[in-house]
Number of protein chains: 2
Amino acid sequence: MKPTIKDVAQKANVSIATVSRILNNQLGYSEKTKERVLEVIKELGFRPNAIARGLVSKRTKTIGVLLPNVTSSFASKLLKGIEESAHENDYSMIVCNTDHSGSRTLDYLNILGEKKVDGLVFSSQEIKEEYYETITRLGIPVILISTMSYRFPLPYVKVDDRQAAYHATSYLIENGHDKIAMISGNDDLTGKPRMEGYKQAIEDHGLTLDEKLITYGDFDFESGKKCLKQLLPLKDEFTAVFAASDDMAVGAISAAYENNLKVPDDFSIIGFDNTLVAEMAIPPLTTVAQPLREMGKAAIEKVIEMIEKEDHHASSSIMNFQIIERNSVKSLKST
Amino acid sequence: MKPTIKDVAQKANVSIATVSRILNNQLGYSEKTKERVLEVIKELGFRPNAIARGLVSKRTKTIGVLLPNVTSSFASKLLKGIEESAHENDYSMIVCNTDHSGSRTLDYLNILGEKKVDGLVFSSQEIKEEYYETITRLGIPVILISTMSYRFPLPYVKVDDRQAAYHATSYLIENGHDKIAMISGNDDLTGKPRMEGYKQAIEDHGLTLDEKLITYGDFDFESGKKCLKQLLPLKDEFTAVFAASDDMAVGAISAAYENNLKVPDDFSIIGFDNTLVAEMAIPPLTTVAQPLREMGKAAIEKVIEMIEKEDHHASSSIMNFQIIERNSVKSLKST
DNA sequence: CTGAAAGCGCTTACAG
DNA sequence: CTGAAAGCGCTTACAG
């Protein structure tokens with residue numbers, strides 16, 4: 001049997017209260033007993049039972065992470081930042097793939113509640129009323145990543161999508177493109193603001209918006225392919241495309257390749273996120289970078305602060321984006 | 001305050017034992033009291049505290065998952081299979097990024113032990129003696145994915161790397177390539193058997209092995225680039241390359257692109273894994289598929305069976321690989 | 001069919 | 001500086 005606190009107390013000739021105090025770096029024991037107890041602990045290979053500890057302390061040192069899709073390169077990079085920072089702070093993470101399903105999300109929320117996670121990180125999904133209700137019922141702090149809610153006042157960590165999209169589009173325009181298509185997301189969360197930024201940039205630069213050139217995907221690779229195929233008949237009406245995610249941008253490049261079109265010779269493309277696939281693409285993808293790792297880190301630090309201060313309010317953070325120039329955008333200026 | 005089992009017992013006029021029985025679908029209560037209790041539970045919005053439950057039942061319904069790198073496309077796809085299957089079986093997963101570090105791995109193993117996970121999934125890492133010792137000490141079942149150990153008898157789920165590599169290499173040979181370079185992994189786990197399969201295929205087909213054409217990476221994108229650059233001066237001495245991972249294959253394609261070399265015109269390449277990046281590559285990558293999702297699923301099912309049967313022994317599974325033909329290999333036959 | 005009680009392995013007042 | 005005791009929220013013999 002694995003040793004418990006009782007075993008070490010007995011062997012060290014002290015009460016379990018004393019062992020507990022030593023374990024938790026509290027006051028109330030002599031240096032001598034501390035040494036003795038520590039020695040017994042090592043001797044026995046004793047490890048405190050976090051479950052028992054959690055039951056009384058009401059802290060499990062674990063955080064629930066909800067994502068719509070673990071497989072996306074967006075999630076991969078985010079997860080890395082979250083994991084790193086959680087581990088640094090002695091927290092573990094339970095990761096949940098919601099698959100964008102409402103019932104799955106709710107289901108997970110309840111499970112996470114039963115498992116008494118100390119806090120929640122919720123990424124890239126709209127906060128439905130029912131989610132908000134059950135989160136509130138759970139009574140634990142939440143931080144949103146790459147999403148926010150006007151209705152529900154939850155703190156978030158994100159980039160200003162509208163502004164970032166504005167810059168991405170402007171970048172294309174500054175490179176001499178005046179007919180720009182868009183592969184947009186189909187949601188209100190990030191799809192819409194990114195599209196608005198795109199439209200605004202076109203307008204501000206005195207170009208005319210062509211709604212035909214706007215196409216809607218779901219941020220994934222396949223949808224990027226599909227969108228580009230939709231755009232194909234209109235090939236002569238644009239010279240560049242702005243994709244609302246790297247995965248979609250790479251999908252577009254892939255569909256172009258299938259149709260013997262080359263990027264950036266036949267058209268330029270700029271992505272969004274700066275995930276690993278952006279580097280991996282042929283040609284390497286010019287994109288607007290979201291600092292995914294830092295965002296994960298910031299989110300974890302915020303929840304932990306909320307947990308430890310027992311204050312479920314936190315400020316939100318707008319992180320900086322940045323345009324990473326690689327080889328998928330051709331300048332039309334010098335030609 | 002959140003309702004406890006006591007609250008529902010009181011309100012339903014029964015003992016907590018009865019509530020517990022109903023909660024756990026045991027025998028020993030009338031249909032009438034069951035209904036009443038269930039109603040109270042709903043009324044109060046009662047959810048059992050999994051921590052308290054875990055303390056007495058010794059089951060937490062959570063599994064620890066250790067991976068060297070969550071960001072890799074290999075891990076992404078695997079994680080998806082693991083998550084899906086865990087959730088189907090009402091288990092949660094704590095994911096741990098070991099970063100290939102021994103101390104981190106050990107650290108995590110201990111934390112997972114303290115948190116009383118019911119089982120462990122350990123992927124893509126060598127089992128060092130100290131790992132094995134602490135795993136044994138924890139007394140919970142483990143399943144290995146894409147790794148195994150001759151010294152320590154732990155059940156695993158993997159593909160036969162040697163055989164798969166043999167087939168990948170043979171595939172190139174059958175397509176008319178007789179000078180084949182390799183971008184190998186630098187470890188004994190999967191790197192070595194894949195290289196052996198490669199060598200064997202070359203030998204069996206009566207070709208001559210050229211050690212100069214073997215180069216060593218660490219399975220990641222960057223190392224694939226680096227390896228291809230090493231191979232560049234030898235460009236005329238091979239027509240195809242076998243890369244031990246898709247990430248490295250894509251890295252190689254990327255480095256080729258930088259050097260104005262085209263795949264598959266200037267050389268052919270076959271990868272290993274069939275992760276999402278293989279589909280995303282330009283050209284789409286021909287590769288030997290590991291059924292990553294199924295492997296994750298099989299692993300979870302095995303641990304759960306071990307957990308529930310309280311028998312820490314399980315059979316290992318060799319999963320089937322498959323060559324997925326896409327566009328990165330050119331046939332030299334018809335030319 | 002049902003309840004009282006012990007106990008899981010800890011932490012935390014309380015008392016000395 | 002230290003210990004006895006209560007209690008966290010459950011499950012599980014045991015007894016009826």
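Throughout, protein chains are lettered first and strands after them, A, B, ... in sequence-line order, and every chain is numbered starting at 1.
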Item to complete: Nearest whole angstrom, please: distance from the C1' of C/dC10 to the NZ of B/Lys115.
Response: 16 Å
Worksheet item: B/Leu27 CG to D/dT11 C1': how many Å, rounded?
Response: 15 Å
Discussion item. Any base atoms under 4.0 Å from B/Arg47, or only sugar-phosphate, or nothing? Heavy atoms, all strands.
Written reply: sugar-phosphate
Practice prompt. Please test B/Glu310 against B/Arg59 for salt bridge (charged side-chain N to carboxylate O under 4.0 Å, His left out), starting from the C-alpha separation and ending with a verdict.
Written response: CA-CA 11 Å; B/Glu310 299 186 27; B/Arg59 290 278 164 81; 3.3 Å; yes
Item to complete: Please state whether the phosphate of D/dT11, meaning OP1 or OP2, lies under 4.0 angstrom from any side-chain nitrogen or oxygen of B/Ser20.
Response: yes
Fill in: Per B/Ile5 side chain, nearest of listed nucleotides C/dA5, D/dC10, C/dC10
D/dC10
Worksheet item: Should B/Lys58 be listed as having a side-chain N or O under 4.0 Å from OP1 or OP2 of D/dT11?
Response: no
Worksheet item: Under 4.0 Å between a side-chain N/O of A/Ser57 and OP1 or OP2 of C/dT12, yes or no?
Response: no
Worksheet item: Hey, is A/Glu308 close enough to A/Lys302 for a salt bridge, meaning N to O under 4.0 Å?
Response: no
Discussion item. Check the phosphate of C/dT2 against B/Thr18, side-chain N and O only, distance under 4.0 Å to OP1 or OP2. Yes or no?
Written reply: no
Practice prompt. May I have the distance from A/Ile16 (atom CD1) to C/dC14 (atom C1'), rounded to whole angstrom?
Written response: 15 Å
Fill in: Spacing between A/Gln26 atom CD and D/dT2 atom P, to the nearest angstrom
14 Å
Discussion item. For B/Gln26, I'd like to know if atom CD has over 12 heavy atoms of other residues, nucleotides or ligands within 6.0 Å.
Written reply: yes
Worksheet item: With respect to A/Leu144, which candidate in A/Leu120, A/Val157, A/Ile127, A/Val121 satisfies the side chain to side chain contact (heavy atoms under 4.5 Å, CB included) definition?
Response: A/Ile127
Item to complete: Searching all strands shown, indicate the nucleotide that pairs with C/dG3 (Watson-Crick or G-U wobble; both distances under 3.5 Å).
Response: D/dC14
Worksheet item: What nucleotide, of D/dG3, D/dG9, D/dT2, holds the atom closest to the side chain of A/Val14?
Response: D/dG3
Worksheet item: In terms of the nearest nucleotide of DNA chain C, which residue is placed more toward the 5' end: A/Lys6 or A/Val56?
Response: A/Lys6
Discussion item. In whole Å, I'd like the distance from the NZ atom of B/Lys61 to the C1' atom of D/dC10.
Written reply: 16 Å
Worksheet item: Where does the angle between the aromatic ring planes of B/Tyr132 and B/Phe152 fall among parallel (under 30°), tilted (30 to 60°) and perpendicular (over 60°)?
Response: parallel
Worksheet item: Can you check the B/Asn49 CG to D/dC8 P distance for me, whole Å?
Response: 12 Å
Worksheet, complete the sentence: On DNA chain D, more 5' by nearest nucleotide between B/Arg21 and B/Leu55 is B/Leu55
Worksheet entry | A/Glu114 CD to D/dT11 P, straight-line distance once rounded to whole Å | 11 Å
Discussion item. For C/dC8 and A/Thr4 - does any side-chain N or O of the residue sit under 4.0 Å from the phosphate oxygens OP1/OP2?
Written reply: no
Worksheet item: Rounded to whole angstroms, how far apart are CD on A/Gln10 and P on C/dC10?
Response: 14 Å
